Amino acid sequence: MGNAPSMLTQYDIEEVQEHCNKLFNQQEIVSLYQRFCQLDRTAKGFISSDEFMSVPEFAMNPLAQRLLKMVDGLNFKDFVAFLSAFSAKASIEQKATLIFRVYDSDGNGKVTFNDIIEVLSDMTGSFMTAEQREAVLTQLLQEAGYTRESYLMLDDFVKIFANSDMKMDVEIPVD
């Protein structure tokens, strides 16, 4: 499994299933492996930032640069583990953890007002002014019982997402 173009063995498939908490069945893992091999154009066994950016949906994502920090250099097992947060079978905690990592760009385990403002800026671009973003976020945080000075931790994200009906599911096409 180290070299991308090799075939997956039954052992490899089961190992990847364990690594991603069995959120994907064997057929989905084989499909993901085929996609991984397509992306790994130089057959190094991992996917670079440039290779990820070749996926139009990824490149168009306003959070692409933040996501690249999380996915650059992923081998196949870690690629599947990353995608598992988008599975319909993933828990709220798994989904919230991925979202938390997007906001916590410095990896310090805390999300500040400014961290959220940066993500909002990435997502809204010129459609909102900095003042509008700050006003909306300040109001949203106050309604949730937080202030501009609050640090949001992973547990806060889990609590927030547990009380929302947000969907983060991606269907894996199986050939």
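Side-chain atoms are counted along with the backbone in the values below, which use heavy atoms only and exclude waters and symmetry mates. Remember, predicted model here, so these are calculated numbers, not experimental data.
Panel note: side chain Asp104, backbone Asn108; a donor-acceptor pair is recorded below 3.5 Å.
In terms of heavy-atom proximity, Ala85 sits nearest to Ala90 at O-CB, 3.8 Å. In plain terms, the two heavy atoms of Arg35 and Val55 that are nearest each other are NH2-CG2, 3.5 Å. Closest approach of Ile29 and Ile13 over heavy atoms only: CD1-O, 3.8 Å.
Using a 4.5 Å heavy-atom threshold, the side chains of Arg133 and Ile116 count as separate. Inter-residue side-chain proximity for Tyr146 and Tyr151 is flagged as unmet; no heavy-atom pair is nearer than 4.5 Å. Using a 4.5 Å heavy-atom threshold, the side chains of Val80 and Val16 count as touching.
In terms of the side chain to side chain donor-acceptor pair (under 3.5 Å) criterion, residue partners of Ser91 (sequence neighbours excluded) are, by chain and number, Glu93, Gln94.
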**Request:** For the pair Gln34 and Gln38, evaluate side-chain hydrogen bond (donor to acceptor under 3.5 Å, both in side chains) and give the outcome as yes or no after the intermediate values.
**Result:** CA-CA 6 Å; Gln34 290 168 345; Gln38 289 170 350; over 6 Å; no

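The residues Lys44 and Glu51 are annotated as salt-bridged, a charged nitrogen and a carboxylate oxygen being separated by less than 4.0 angstrom. Salt-bridge formation is detected for the pair Asp122/Arg66: a Lys NZ or Arg NE/NH1/NH2 atom is positioned less than 4.0 Å from an Asp or Glu carboxylate oxygen. Taking a cutoff of 4.0 Å between a charged side-chain nitrogen and a carboxylate oxygen, Lys159 and Asp155 do not qualify as a salt bridge.
Note: Met128 CE to Glu134 CD = 10.5 Å, rounded to the nearest 0.5 Å.
Cluster annotation: Val102 and Met153 are assigned to distinct hydrophobic clusters (Ile/Leu/Val/Met/Phe/Trp/Tyr, side-chain heavy-atom contacts under 4.5 Å, transitive). The hydrophobic clustering, which links ILVMFWY residues whose side-chain heavy atoms are closer than 4.5 Å, places Leu83 and Leu23 apart.
Sorted by first then second residue, the ring-ring contact (aromatic ring centres under 6.0 Å, His included) pairs that include residues 93-142, not counting sequence neighbours, are Phe100-Phe157, Tyr103-Phe157.
The aromatic rings of Tyr33 and Phe36 lie parallel to each other, their planes meeting at an angle below 30°, with 60° marking the opposite boundary.
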